[in-house]
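When a ligand or atom number is given, it counts from 1 through the structure's own listing order.
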Amino acid sequence: MNTHKAQKKWGQNFLKDTTIIDKIMASVPRSKHAVYIEIGPGKGALTEGLLALNRPVIAYEIDRNLEPTLNARFNKIEDFHLIMDDFLNRDISNDIHNHQFSEFDVHVVANLPYYITTPIIRKCLDLANLKSITIMVQDEVAKRLSAQPSTKDYGALTVLSQYYNNIDYLFQVPPHVFHPAPKVHSAVIQLTIKPERILPVDQEKSFETFIHQCFKQKRKTLINNLSSEYTNAKDVLTNYFEAEGLNPQTRAEALNLNHLVHLFQKISVQTQAKN
Ligand code: SAM
């Protein structure tokens, strides 16, 4: 176990502080119907706590050198299913199906390299029966995902994440609880999937495009950003701002999710895309 050298290329910063490990475990949702998906178990810091919940755990680890450590610790436990592979290259639904866990509620738990946070979250969001994601991310990203309107961290990523999930910033994690210590602060966040979406599914792709357009140039007003994309955006926006008692110079960052959804509905019906 001690002979394994931390691999920078796989973002290996192992949790060594039991207080933090316990705190993460306390925030993982419990359910009689859960299957836990752990991404990057490393040496098993979180795996042990997950297995203590007496529900199946499918763990994906990319570093083959960690296989003996993980097996030595857990392979006698029936609930432990280790897949030595890159999570991003796997067909996860197929893995869940092959283990006959298709009917279970999926809860993802991960302490991962920060550079793959976004693709990992995106991939998880596509899973059927996904209920929650409890994940350690760079503190800066955690703040962006859970930001409120009119703060510096609020942007397209915030709005789109909050459209699909309720996002809770749980707690900050200092560098010294890891070995080796990373350069930046981390934080644990929890995404809980909203059971019902505001828009019909077939409009969601257009909504995503619209949100990116709204925040295209953060310092520009919404009228400026959207006028280059839609035919009579200026009139639609002016009417909307007036009806809502908002300043015509409003920027996207001042609007909450509900405002942006309403605006999207008006823009979709009353304007034409220029390209
Ligand atoms: N969960 C352990 C802990 O808290 O101590 C390890 C955390 S370490 C930050 C990230 C782990 O993710 C490493 O074990 C690394 O090898 C693994 N990893 C990195 N990229 C991965 C990928 N694409 N698929 C699966 N595991 C990955």
Quiz item: So between Glu61, Gln7, His4, Lys43, whose heavy atom ends up nearest atom 17 (C) of ligand 1?
Solution: Glu61

Quiz item: Mind checking whether Gly11 has an N or O less than 3.5 Å away from an N or O of ligand 1?
Solution: no

Quiz item: Which is closest to atom 10 (C) of ligand 1 in terms of heavy atoms, Asn111, Ile120, Leu66, Leu15?
Solution: Asn111

Quiz prompt | Donor-acceptor contact present, side-chain Arg30 to main-chain Val28, <3.5 Å | solution = yes

Practice problem: Considering heavy atoms of the protein only, find what lies nearest to atom 13 (C) of ligand 1 and give residue, atom and distance to 0.1 Å. | Solution: Gln12 CG, 3.6 Å

Quiz prompt | Residue, atom name and distance, where the atom is the protein heavy atom closest to atom 1 (N) of ligand 1 | solution = Gly40 O, 2.8 Å

Quiz item: Within the distance-only criterion (no hydrogens, no angle test), does the side chain of Arg55 pair as donor or acceptor with the backbone N or O of Ala34 below 3.5 angstrom?
Solution: yes

Quiz item: For Asn13, is at least one N or O under 3.5 Å away from an N or O on ligand 1?
Solution: no

Quiz item: Hey, are Tyr230 and Gln213 close enough side-chain-wise for a donor-acceptor pair under 3.5 Å?
Solution: yes

Quiz item: Is Phe87 close to ligand 1, meaning an N/O of one under 3.5 Å from an N/O of the other?
Solution: yes

Practice problem: Heavy-atom distances under 4.0 Å are what count here, so tell me which part of Ala110 touches ligand 1: side chain, backbone, both or neither. | Solution: neither

Quiz item: Can you tell me the protein heavy atom closest to atom 2 (C) of ligand 1 and the distance?
Solution: Pro41 O, 3.3 Å

Quiz item: Under the side chain to side chain contact (heavy atoms under 4.5 Å, CB included) test, which residues partner Ala147, sequence neighbours left out?
Solution: Thr151, Asp153, Tyr154, Thr158

Quiz item: Short N/O distance, under 3.5 Å, between Asp86 and ligand 1?
Solution: yes

Self-check item: Electrostatic pair Arg64:Glu67 at N-O distance under 4.0 angstrom
Solution: yes

Practice problem: Looking only at protein heavy atoms, identify the closest one to atom 18 (N) of ligand 1 and say how far it is in Å. | Solution: Ile62 CG2, 3.6 Å

Exercise. Can you sort out which atoms of ligand 1 are near Ile116, meaning under 4.0 Å from one of its heavy atoms?
Key: 20 (N), 23 (N)

Practice problem: Answer yes when Glu229 and Lys216 have at least one side-chain N-carboxylate O distance shorter than 4.0 Å, and no when they do not. | Solution: yes

Practice problem: For this output row, return yes or no: ring centroids of Phe207 and Tyr163 closer than 6.0 angstrom. | Solution: yes

Practice problem: Scan residues 255-265 for pairs that pass salt bridge (Lys or Arg N to Asp or Glu O under 4.0 Å), counting only residues two or more places apart or in two chains. | Solution: none

Quiz item: Could Asp86 and Arg90 be called an ion pair, given the rule that one side-chain N must be under 4.0 Å from one carboxylate O?
Solution: no

Self-check item: Contact partition for Asp85 relative to ligand 1, non-hydrogen atoms under 4.0 Å
Solution: backbone

